[in-house]
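Quick notes on the structure that follows.
Below, chains carry the letters A, B, ... as their sequence lines are ordered, and counting in each starts from 1.
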Amino acid sequence: MSQVTWEESRLRNATWEYGSKNKRQRSHDYKFVFEDPHRQLDFIKTSVINGDKMLQKERKTLPIYHYREQVLRAVQENQVVVIVGETGSGKTTQIPQYLHEAGYTKHGKVGCTQPRRVAAISVAARVSREMGVKLGHEVGYSIRFEDCTSEKTVLKYMTDGMVLREMLSDPKLESYSVLMVDEAHERTLSTDILLGIFKDLVRLRSDLKLLISSATLDAEKFSTYFNFAPILRVPGRRYPVEIHYTKAPESNYIDAAIVTTLEIHATQASGDILVFLTGQEEIETVEEILKERIRKLGTKIGELIVCPVYANLPTELQAKIFVPTPDGARKVVLATNIAETLLTIDGIKYVVDSGYSKMKWYNPKTGMESLLVYPISKASAMQRAGRSGRTGPGKCFRLYTINSYQEDMEDNTVPEIQRTNLANVILILKNLGIDDLLNFDFLDSPPQELLRKALELLYALGALNQVGELTKVGRQMAEFPLDPMLSKMIVASDKFKCSNEIITIAALLSVGNSVFYRPKNKKFLADNARMNFYQGDSGDHIALLNVYNSWKENDYSKQWCYDNFIQFRSMKHARDIRDQLTCLVERVGIELTSSLCNLEAMKKAIISGFLLHTARLQKNGSYWTVKHPQKVHVHPSSGLAQVPKRWVIYHELVLTTKEYMRQVTELKPEWLFEIAPHYYMLKDVEDLRKKMPRVAGRPWLKT
DNA sequence: GAGCACTGC
């Protein structure tokens with residue numbers, strides 16, 4: 001499929017974006033709920049996902065116990081084995097122990113990768129208890145900012161991203177005899193890169209054993225990918241779940257979710273409800289309406305405890321979902337995708353599935369990211385339904401028809417590697433000596449346009465040379481767990497003697513969340529507090545630096561954050577990243593230097609990394625990007641939103657209601673020639689309407 | 001004059 005049709009199909013599938021038009025329409029729809037409180041939805045019960053029979057008989061033992069010998073034989077006879085173990089099979093805790101008992105740890109470690117930090121920690125803790133050893137001794141874990149292993153460690157649980165970092169110093173992972181890639185079906189970016197690397201690695205290391213653990217649906221795919229590796233199936237522990245679909249398509253899933261929740265509450269046996277929605281705003285709306293409706297119904301209906309949960313909700317409030325429901329009451333948890341895999345809530349008997357979630361898409365043509373409300377996949381729908389059958393038989397109410405499930409939904413969620421900026425992925429792979437990326441055997445190949453865009457960027461940053469090999473700068477950059485533009489900014493800061501300031505800015509920019517807190521009812525106060533960090537119109541990057549340094553002067557205080565409308569959680573995270581970067585900077589031979597008063601030096605370092613992210617003011621007040629010209633605007637949250645500057649550099653482009661530049665700083669155009677003479681010529685500045693000169697010679701792009 | 005799915009290094 002060509003790039004254009006690929007993207008168009010993505011956009012067609014998306015239902016709507018954030019936008020004022022949409023909001024009006026939706027709030028109008030909400031009214032409907034109040035006007036017609038007796039509206040009901042027609043559901044059709046179609047199918048039951050079967051539970052496992054073993055459950056009733058052998059509740060006390062893990063299913064995997066019966067497969068010990070089979071697992072060991074499969075591993076002995078094959079280099080690669082795919083294990084299908086449903087939730088609750090015990091594969092993650094038991095298989096590494098079996099391998100240890102069978103002697104696989106005599107000449108190397110058994111490593112087990114997890115997509116998430118908490119999973120790595122909790123599984124390691126559990127296994128160390130089972131083996132009666134201290135955590136960090138024979139059994140340990142390794143995650144970012146925390147290495148809980150020792151020389152004794154033979155069973156090591158770690159995040160998949162951590163393995164990639166380990167490969168910087170041990171490219172063939174020679175300290176391991178077995179690697180188990182757990183939850184491979186989740187297809188995180190790191191898992192996909194690992195699988196690609198491992199496919200090569202098993203050829204180079206015939207002594208290495210590889211286990212891929214996946215869900216049922218993807219097992220064949222993994223098996224085929226690894227030259228038809230055998231598949232071993234281990235049953236899980238699951239209760240049956242009844243699936244109900246709506247009879248007719250629902251145009252408004254928010255309304256439908258509310259009605260369905262109330263119907264379950266009024267007519268179904270006790271048991272808590274989990275409702276899958278797409279975001280915070282939606283959850284707050286549904287919460288409000290549900291509470292209002294319940295209040296109006298008064299004593300006609302039992303108590304309904306409404307608990308919202310999403311990642312940005314403070315941890316204290318998130319904890320509310322785990323409080324057991326009192327007798328006679330019912331709990332309804334309104335959740336984002338966070339409850340699909342990350343949080344497991346006991347006592348859920350009913351699931352209401354909107355059929356949508358938010359997904360981030362990166363458009364390589366424009367370099368813009370957007371968050372779209374997007375239909376979930378069948379795999380995702382199964383996972384959601386399964387959340388109702390953890391502690392007893394469950395029911396799942398899907399707010400879509402069986403026809404749209406069967407015909408419209410994709411089998412699997414589009415893997416992250418096909419919809420994200422790949423610059424960092426390329427840098428990692430190049431650093432591991434994988435050069436021919438356009439022909440690299442990915443489990444699912446990213447669109448060529450994504451690869452090409454990433455290669456182009458790395459070339460512009462000087463990380464790759466004319467023939468596509470990693471340069472010295474590129475190798476330095478690869479050490480940093482950051483977007484390559486941020487890494488380049490740090491590497492360049494050496495020359496401008498401001499590495500100390502630049503790593504602070506890089507740490508803050510790489511924290512996903514905004515550090516500025518802006519509660520709905522205190523927007524004015526929050527905006528005022530924010531402006532205190534801007535001296536004159538020095539720009540958003542410097543403002544971030546000011547925030548961090550003020551926080552530091554106030555002993556990293558939580559209270560200071562509250563007083564200044566700063567997110568404490570984000571700041572702590574930035575501090576951890578900053579500490580890590582400080583170590584790495586020394587490792588790659590960059591001196592820690594400070595020039596706090598030299599704004600020009602800092603801006604030049606920033607330009608070195610973000611040389612492609614420049615924009616120029618137009619007569620009509622909007623901006624035009626310099627490379628790959630397109631119209632963009634300064635984001636209203638920027639300190640420069642009210643102060644037009646002729647030339648700016650921006651951190652990122654996001655497409656929401658408009659094309660916005662986020663994190664903007666002014667620059668002098670002559671700095672561009674000084675810093676990037678290979679990329680900027682006088683012509684670029686003089687006349688933007690002329691076609692941009694192309695950089696000559698990128699032979700590795702020829703296909 | 002904004003619009004904040006979710007991980008991870």
Worksheet item: Where the side chain of A:Arg117 is defined as all heavy atoms beyond and including C-beta, which of B:dC6, B:dG8, B:dG3 is the nearest nucleotide?
Response: B:dG8
Worksheet item: Are OP1 or OP2 of B:dA2 and a side-chain N or O of A:Ser637 less than 4.0 angstrom apart?
Response: no
Worksheet item: Quick one: A:Asp483 CG to B:dT7 P, roughly how many Å, whole number?
Response: 20 Å
Discussion item. Let's see if you can work this out: which of B:dG3, B:dC4, B:dG8 has an atom nearest to the side-chain heavy atoms of A:Thr657?
Written reply: B:dG3
Worksheet item: Which one, B:dT7, B:dA5, B:dA2, comes nearest to the side chain of A:Tyr660?
Response: B:dA2
Practice prompt. Identify which nucleotide among B:dC9, B:dA5, B:dC6 has an atom closest to any side-chain atom of A:Pro481, counting heavy atoms from C-beta outward.
Written response: B:dC9
Worksheet item: Within this structure, what is the CG-to-C1' distance between A:Asp192 and B:dC9, rounded to whole angstrom?
Response: 16 Å
Worksheet item: What residues form a side-chain hydrogen bond (donor to acceptor under 3.5 Å, both in side chains) with A:Asp579, not counting sequence neighbours?
Response: none
Worksheet item: Between B:dG3 atom C1' and A:His635 atom NE2, what is the distance in whole Å?
Response: 7 Å
Discussion item. Judged by each residue's nearest nucleotide on DNA chain B, which is more toward the 5′ side, A:Met162 or A:Lys520?
Written reply: A:Lys520
Item to complete: May I ask you to say what A:Ile577 touches in the nucleic acid, namely base, sugar-phosphate or nothing, with a heavy-atom cut-off under 4.0 Å?
Response: nothing
Fill in: Protein-nucleotide distance (A:Leu422, atom CG; B:dG8, atom P), rounded to Å
20 Å
Discussion item. The side chain of A:Asp527 is closest to which nucleotide in this list: B:dC9, B:dT7, B:dA2?
Written reply: B:dA2
Worksheet entry | Interatomic distance, A:Leu581 CG vs B:dC9 P [rounded to whole Å] | 14 Å
Fill in: Side-chain heavy-atom pair A:Val547, A:Phe516 within 4.5 angstrom cut-off
yes
Worksheet entry | Close aromatic pair by centroid cut-off 6.0 Å: A:Phe568 and A:Tyr562 | no
Item to complete: State which residues pass side-chain hydrogen bond (donor to acceptor under 3.5 Å, both in side chains) with A:Lys522; sequence neighbours excluded, sorted by chain then number.
Response: none
Worksheet item: Is A:Thr336 touching bases, backbone alone, or none of the nucleic acid, heavy atoms closer than 4.0 Å?
Response: sugar-phosphate
Discussion item. Between P on B:dA5 and CG on A:Leu334, what's the gap in Å once rounded to a whole number?
Written reply: 14 Å
Worksheet item: From B:dC9, B:dC4, B:dT7, pick the nucleotide closest to the side chain of A:Arg144?
Response: B:dC9
Item to complete: Give A:Ile428 one of three labels, base, sugar-phosphate or nothing, depending on what nucleic acid heavy atoms sit under 4.0 Å from its own.
Response: nothing
Worksheet item: What nucleotide, of B:dC6, B:dC9, B:dC4, holds the atom closest to the side chain of A:Gln280?
Response: B:dC4
Fill in: Length of the CG-P vector between A:Asp182 and B:dG8, whole Å
15 Å
Worksheet item: Does a salt bridge link A:Arg662 with A:Asp540, judged by any charged N lying under 4.0 Å from a carboxylate O?
Response: no
Worksheet item: From B:dT7, B:dC6, B:dC4, pick the nucleotide closest to the side chain of A:Lys360?
Response: B:dC6
Worksheet item: Quick one: is A:Thr159 getting a side-chain N or O under 4.0 Å of the B:dC9 phosphate, OP1 or OP2?
Response: yes
Discussion item. Just the rounded figure in Å: distance from P of B:dC6 to NE2 of A:His573.
Written reply: 15 Å
Discussion item. Checking contacts here: which listed nucleotide (B:dC6, B:dC9, B:dG1) is nearest the side-chain heavy atoms of A:Ala311?
Written reply: B:dC6
Worksheet item: For the atom pair NZ (A:Lys91) and CE (A:Met180), what is the distance rounded to the nearest 0.5 Å?
Response: 6.5 Å
